Every structure is written in structure tokens, then in C-alpha cells.
Amino acid sequence: MVSNSNVRGGAVTGLVALAVAGVLASTVPAAQAAPHGGTSQCRGRGVDSGALIRYEADTVIKAPLSTIWKLQTDVESWPSWQPPVTTMERLDSGRLRKGSQFRWTTPAPATPTTPATTLEITSTVRELRDRDCLLWSGPAIGEGLRIDEGVHLWTYRKVKGGVRVHTEETWTGAQVEADVPTATKALGDGLDAWLRDLKAAAESRAAAESRSGAAGGQEGAQQVQVGVGG
């Protein structure tokens, strides 16, 4: 279940969040709540403490940490499990690391205050600790819609039954700050959906790997028996 918290204000659509976070609403069950504590960091850095728009959420994923980490850091594969990410381009090569950049696009449908557009998001990894935490930030810009900076933090902790994945994000910019409740609701919907998609993808991949490993073990045992019998 995905947790949600710190919603400053009323209900509106999550369209902006789906665009900026690059997530889709899935049918995976969601959420138990965790209040915003403002203490999560990656190598001493976290989200924007002065931002008016902020949200945090977490979920427990029943999959190996290595599987979850690979899904998150192999950003070029995001479109395979997050359909709203329509294009993705790494701007450097090699393993994701501090300073890495990636540019991606996603459609943003029209809202009562913004037109339908395609957002181009350029993200820069600010901090990273292998299989522990990840922090990136950058602007999201489309025709008639702009977020000056989104700062997105992820942390990963092994717990009984799986891995607790925690995420926080803040947005700044005059356009989104003009309606904080709407923007916060949109951001929250997006992060909750991202976690649901990550959970579904990681658990599905872990189950497939487990089945493959079991099948391989049975085949090996049969070959040993044949060899002994021969």
C-alpha cells in the first residue's frame, strides 16, 4: 500500500502531476499514510524546505532492493513501466551518478487554468548513494505551463517483508504557486501513482525471476540425476 500525506488544500485533478512525475494511475492497491517529517535526506541534501508545494509518500515493495534500484536508476527504461513518459534521453553515459542528466517528455492534458501541452523535463542528479537514496531536480516546461524547479528525493530501506520506498517532492514557480492546493493535490496524485507503478513493476519482475530460478534449479537437478544414473 502506498502512503500519502501533507496535502495543503482541496481536490482537483492530478493531471499536472502525471505530467511532471511521468506516472500513470494503475490498479495496484494503494496507501497507508505517513505524515510529512521533513527529515529525509540523501547525503545531507533533501527537498526544498522553503517550497509551498510539497508532498511525501511511501510504500513497502516485496522485491529485492537490487530490482527496485535498477528500475529507478535505469531511467531509459521508464517508458516501459510508466507509459506517460513518452520520450527519455540520457544526456550522459554509464551508470547513473551525481551530475548525470536526463531529458524526458510527457503530455499534460488541459486543466481549467492551463492548456493541453507536452512538458519537457530536464533532470539533474544532485545526490546518489548506491541502493540507499537518490535526489534529482530540474524544471518542467511546456507551452503555457511551467514549473521552475521540482526537487525529488527517494530513499530505500530494507524492512520485514520487503523494501520501504519513501519519496518526497517539492515544486516552486509562480504559475504553480498561484494555486497551491491544486498543485499540491496534483503532486500527491502523481507520487502515489508513481509508487504504485514501481511496486507493480518490481514485484512482477521479482516473481518472474523467482520462477525462472526455480525452473533452472529443477532442470539442473534432473541433469544430475541423469548423469548419476548413466
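Side chains included, hydrogens not; waters and symmetry mates left out as well; all remaining heavy atoms used. None of the values given here were measured: they were computed from a predicted structure.
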Tell me yes or no: between the side chains of Ser100 and Asp92, is some donor less than 3.5 Å from an acceptor? yes

Where do Val85 and Thr106 land on the side chain to side chain contact (heavy atoms under 4.5 Å, CB included) test, with the steps shown first? CA-CA 5 Å; Val85 180; Thr106 188; 5.6 Å; no

Backbone N/O of Ile53 and side chain of Thr170: donor-acceptor pair under 3.5 Å: no

Between atom CZ of Arg146 and atom OG1 of Thr117, what is the distance when rounded to the nearest 0.5 Å? 12.5 Å

With the 4.5 Å side-chain cut-off for hydrophobic clustering, are Ile141 and Met88 part of the same group? no

Taking every non-hydrogen atom, the tightest pair across Val151 and Gly46: CG1-O, 3.9 Å

Could you work out, with side-chain hydrogen bond (donor to acceptor under 3.5 Å, both in side chains) as the rule, every residue matching Thr118, not counting sequence neighbours? none

Let me confirm one number: the CG-CZ distance from Asp130 to Arg95, rounded to the nearest 0.5 Å. 5.5 Å

Between CG of Asp192 and OG1 of Thr167, what distance do you get to the nearest 0.5 Å? 10.0 Å

Flag for Thr124-Gln101: side-chain donor and acceptor within less than 3.5 Å: yes

Side-chain (Gln175) to main-chain (Gly144) donor-acceptor, under 3.5 angstrom: yes

Same cluster (ILVMFWY, side-chain, under 4.5 Å), Leu52 and Ile147: yes

CA sep, side-chain torsions, deciding dist, call: Glu56, Leu153, side chain to side chain contact (heavy atoms under 4.5 Å, CB included): CA-CA 9 Å; Glu56 66 175 281; Leu153 172 71; over 6 Å; no

Within the 3.5 Å criterion, strictly below it, is a donor on Thr122 or Arg103 matched to an acceptor on the partner's side chain? yes

Could you pull out the closest heavy-atom pair between Glu168 and Leu191, with the gap in Å? C-CD1, 4.4 Å

Rounded to the nearest 0.5 Å, how far does CG of Leu71 lie from OG of Ser80? 7.5 Å

Of the non-hydrogen atoms in Arg54 and Gly50, which two are nearest, and what is the gap between them? NH2-N, 3.9 Å

With respect to Asp132, which candidate in Arg43, Lys158, Arg157 satisfies the salt bridge (Lys or Arg N to Asp or Glu O under 4.0 Å) definition? Arg157

For the backbone of Thr105 and the side chain of Thr86, can you confirm whether one donor and one acceptor N or O come within less than 3.5 Å of each other? yes

When every non-hydrogen atom of Arg45 is compared with those of Arg126, the smallest separation belongs to NH1-O, 3.7 Å

Hey, does the side chain of Glu203 reach the backbone of Lys62 with a donor-acceptor pair shorter than 3.5 angstrom? yes

Under 3.5 Å, side chain of Arg97 to main-chain N/O of Val125, donor-acceptor pair present? no

Common cluster, Trp81/Leu96, ILVMFWY with side-chain heavy-atom separation under 4.5 Å: yes

Between Lys185 and Asp189, does at least one N-O distance fall below 4.0 Å, as a salt bridge requires? yes

At what distance, to the nearest 0.5 angstrom, does CZ of Arg205 lie from OG of Ser210? 15.0 Å

Closest non-hydrogen atom pair, Trp104 against Ser123: NE1-OG, 3.2 Å

Of the non-hydrogen atoms in Leu134 and Cys42, which two are nearest, and what is the gap between them? N-SG, 3.7 Å

Over 12 non-hydrogen atoms of neighbours within 6.0 angstrom of CD in Glu143: no

Parallel, tilted or perpendicular, judged at 30° and 60°: which one describes the rings of Trp136 and Trp154? tilted

Interatomic distance, CZ@Arg129 vs CG@Leu135, rounded to 0.5 Å, equals 11.5 Å

The single option from Thr67, Ile68, Thr59 passing side-chain contact (heavy atoms from CB on, under 4.5 Å) against Val163: Ile68

Under the side chain to side chain contact (heavy atoms under 4.5 Å, CB included) criterion, do Trp194 and His152 qualify, and how do the steps go? CA-CA 12 Å; Trp194 190 320; His152 202 165; 3.9 Å; yes

